[in-house]
Amino acid sequence: MRRLQFLLAATAAMATCTWVVAWWMVPIVAAVFGWVRRDDAATPLLAGLAGFVAWGSLLLIAGLSGPEGSVMNAVGRAMQVGPLALVGLTLAYPALLAASAAGVVRAIGARRA
Amino acid sequence: MQASHDSPATGIRIQVPPVVTGAISAIALAGALWIGVTPTGAVPPLGQLLDPAHGVWAAARSAELPREQALTLDGLGAPVEVRYDDRGVPHIFAESEVDAVRALGWVHARDRLFQMELTARKTEGTLTELVGPSVLELDRQSRERGLAVAAEARWTALPKESPTRKIVEAYIEGINQWVRDADASDLPVEYKLLGVRPRIFQSADSYKLLSEMGQVLAWQSEELERGAIAALVGQDATEALFPMNAPIQEPIEPVTGRREPRFVAGRFPAPQLAGPRQVAHAQRLRATARQLAGGRALGSDLSADHSVDAQMGAPTRGEAVVGSNNWAVAPSRSASGHALLSGDPHLQLSLPSVWYEAHLVVPGKLDVYGVTFPLAAIVPIGFNRDVAWTATNTGADVMDFYRETVDDAASPRRYSVDSSWRELTLRVETYRGRDGKVLGVDTLRRTHRGPLMRTAEGWLSMRWTVLEPSDEATAYWTAMHATSAEEWYAAMESYRAPAQNFLVADRSGAIGIRSTGRYPLRPGDGRGDHVFDGSTSRSDWTGDWPLAKYPQSLRPAQGYLASNNQQPIDPAVRPGYLGWNWPTPWRAMRINEILRADSAMTPEKMRLAQTDPRSVLTAPVLRVVREAVRSAGSSASPADSAALAFLEAWDGRFDLESRGAVLFAALVAEITGRTWDEFVVPGENSRAATPNTMMLVRLFEDATSPWWDDRATTDAVEHRDAIVRAALRSAWERTRQRRGNDPQAWRWGDQRTATIRHLLRLPGFGRESLSVQSGPGTLSPNDGNGTAGASWRFVVELGDPVTALGTYPGGQSGNPVSSRYVDRLELWRTGALSPLRLPRNAAALSGGQLTSSLRLSPMTGAAR
């Protein structure tokens, strides 16, 4: 239950901070949550999942108001990676940022403990 | 604490020390952050690129115009209302002209910012700072040509109190305010893909755009190609096959009393056989010609009349594959009793389009509608409430090359004129990459004539009207206010380059045309088709054509006017050198045929003529094919007879469903290839040049000309009929191989398609394989790969009120995911036009016609 709460809170924080500030807030938010939950080995995994869901949610929200499908197709082709790869990259990248940031902080916390 | 993992199979608990997991996480984080902020090769920093709120995905949020918006704009004197109609066209209502153009700058930036930056950088040769080192050679060429330097000189020469200066400054400030106010999510997606921020524009950038259009329309470096042709086939043959004057005269300036084209008959002199020395000379000249002409791409290109031969990749001199058209009829020849004007300028096509439609209204001062160039506050083609205007390219020879004598062949500092040394003007140019690092440094040189270039032919300097002092912006801006054709032409008297065939119609019923531009007078025989001796000042230009000698006509007795890039004046009426590479007259002949035959023209008939599927070229070709097959009698092969029967059944139309057009195009390519084998450069397996179909049709009249002989057959001398039959047979067989054995399944629309590339050639942002009605010699020609075509089509009826139809390939937005990016493409492809909205005030555009409102207010003291 606590893990679910953590996941939801981290997701909301990452999505909000990305929207208001920029992409680099994802590892900062993940680091904060990683420190708070440094005693849980699953924290990096959950942080990564939160990053994935946060950016996925932003894509969905934007998709309701604009032609996300067109972006996916046009930009995916322009970048020569394909539409689905563009989406995959967009979801994987915050997951990597968040999981690794939470992992670093958790490791530091573990050493101190 | 230890990281731990249970193995379900063994029950063994594996513990990973935190230092290990921490190190792995740190490496992963460092890597993720590094690719997030650092470009890797062509890949921009991934963080800002993929950010769903501010990166490429934000393109979706800014794709559509907000229904209503209110903003402040610094520098405005009074509020400006911008109303977007259902075609995405902004109608700008302002209380002063300066406010109107400031708003136009802002509007241009919102829809076309990247295009504007690309244009400015292309002209000034700083593309590497935007795109990277892959375009270094293009930048080198741009700086060598000196277009940006010329543009800046023109801007600097503009008097401080000039109204044009105020207009341009306000326009550029409007652009810059959008740039300054934009956050990352607002920026065009191209900036995100390149990982760069937009520049702040300078006023001179607007003049750079005009210089760039000069390059697109008036680059005529063909002297060296002509020299190569002469080396291969001899001077006499060159003069005959690439003549100063077109042998079929349907000029732009009407000839009083003449109701049909004038044909000049005569035999072509035999080709000379080139020896090894001439071939080597031709090869050297071709290399230099390629060097001088190369690198025009990136978005826009030639407007006039160059093609790639389907068979051998050789240029067909003057074959119209990019052909602009315009025509007008006087009230006496229109059904409504009002003057009608049709504009159909052809250019290299791009997405977004070169054009942006806009309507500027300043009560009592200005009410102008038309297409604008993003980066300029002028309407080069359009209309106001009294006058409509459009243009085709004149294609005059306004560029010359001079072989200079220099003091040091490797690194000259002086050049010799009239046996005395003059100092070269040296300029050091530094090229930088996106990160500011120096990619290269060049020392560029100029003589009193213009840029000096090192070539395989030695040091050549260039003189070109596009680089000379002039002020086209003021001419256009003044002409936009004209209330009659006479006023319009008076305003354009100072216009210099690029030379254009400006066609005008007004509400009083006047129609007029003038090939406007600066035409240099040259020494000697006046021709500019060769490289001049730079060591003497006697080679320099001696003056310019006087305005009275320009090709022109106002209120012609015949009641109609047309131009299609053809030779503007019949030399039999008024001789004088304007150029030599005149396009084929087929389009001119066809439109004149239509206009002569119909004294009750309507806007709808004008529209249909823009994509008219007939070509004047078909009749002479089919006649000769018929004669060739019949001359063979019973010895004609079954394939000859089948192919001829197939062509005889064709209605001569190049429409999408046509089958005969497929064979006809293949046939013309075959005849061309078999006839002009004398132009094949030994060792290069390609032709140095190919005479155009006007010359081919003329050669048809001389069935035993030595030009028909196939040089590959040493034991026989072929004549016309044998060559034409062989071409027909080959075309028939090759088409069956390519298109299938059943000719009833052939379809012209599958073969002649348009391709419209994005400015950066990004694959997802362009459109390909668009079936278009087009054909050789038709009013809507295109080349084999269809990258050129009608850039804007419109028809104006000068009644009360003025009404107009129009469209262009693409849409108003430069955002590839906007519904306004390609919303006009289908209309354009099918030759249809939309009614243009012409509200007199902001309130007049409402209901379904109004899609977005923008109110721009002056910035108050507190807001500043």
Side-chain angles (χ1 to χ4, degrees), chain A residues 15 18-24 26-27 30-31 34 38-39 41 44 54-63 65-81 83 86 89-111 113, chain B residues 1-5 15-33 35-37 42-64 184-185 189-190 192-193 758 760-766 815-819 821:
Chain A
T18 299
W19 186 267
V20 174
V21 186
W23 65 275
W24 44 263
V26 168
R38 60 186 177 276
D39 55 345
W55 280 29
S57 305
L58 290 177
L59 290 187
L60 280 176
I61 292 167
S65 58
E68 290 290 306
S70 302
V71 177
M72 191 172 79
N73 284 311
V75 178
R77 283 191 64 203
M79 292 176 66
Q80 299 181 338
V81 296
L86 180 65
L89 207 56
T90 305
L91 298 178
Y93 184 63
L96 177 65
L97 280 173
S100 57
V104 169
V105 171
R106 187 176 167 275
I108 294 169
R111 279 179 66 82
Chain B
M1 269 188 2
Q2 304 268 305
S4 62
H5 301 276
Q15 294 208 326
V16 182
V19 67
V20 175
T21 57
I24 292 170
S25 296
I27 292 167
L29 179 62
L33 288 172
I35 61 171
V37 298
V43 180
L46 280 188
Q48 62 190 53
L49 181 76
L50 298 175
D51 183 334
H54 311 99
V56 288
W57 297 99
R61 286 212 315 280
S62 57
E64 307 306 332
S185 61
V189 68
E190 291 91 344
K192 293 163 183 170
L193 290 170
H758 177 258
L760 289 179
R761 311 271 165 104
L762 295 173
F765 295 174
N815 184 338
V817 301
S818 169
S819 63
Y821 184 62

Which of the residues L33(B), L29(B), L46(B), N815(B) is involved in the greatest number of heavy-atom pairs with chain A at under 4.5 angstrom? L29(B)
Top residue by heavy-atom pair count (under 4.5 Å) with chain B, among V20(A), L97(A), L96(A)? L97(A)
Before you tell me yes or no, could you show the steps for L193(B) and L49(B) under side chain to side chain contact (heavy atoms under 4.5 Å, CB included), namely the whole-Å CA-CA distance, both residues' side-chain angles and the distance that decides it to 0.1 Å? CA-CA 7 Å; L193(B) 290 170; L49(B) 181 76; 3.9 Å; yes
Heavy-atom contact with chain A under 4.5 Å, split by part of I27(B): neither
Which portion of V21(A) sits near chain B, non-hydrogen atoms under 4.5 angstrom: backbone
Any idea how Y93(A) and W23(A) line up, ring-wise: parallel (<30°), tilted (30 to 60°), or perpendicular (>60°)? tilted
Name the region of W24(A), side chain, backbone, both or neither, that has any atom closer than 4.5 Å to a heavy atom of chain B. neither
Would you say that K192(B) contacts P44(B) through its side chain, given a criterion of any heavy-atom pair below 4.5 Å between the two side chains? no
Beyond-backbone contact of W19(A) with D51(B), side-chain heavy atoms, under 4.5 angstrom: no
Using distance alone, with no hydrogens and no angle criterion, decide if T90(A) and W55(A) have a side-chain donor and acceptor under 3.5 Å apart. no
Need one label for V189(B): side chain, backbone, both or neither, based on atoms under 4.5 Å from any heavy atom in chain A. side chain
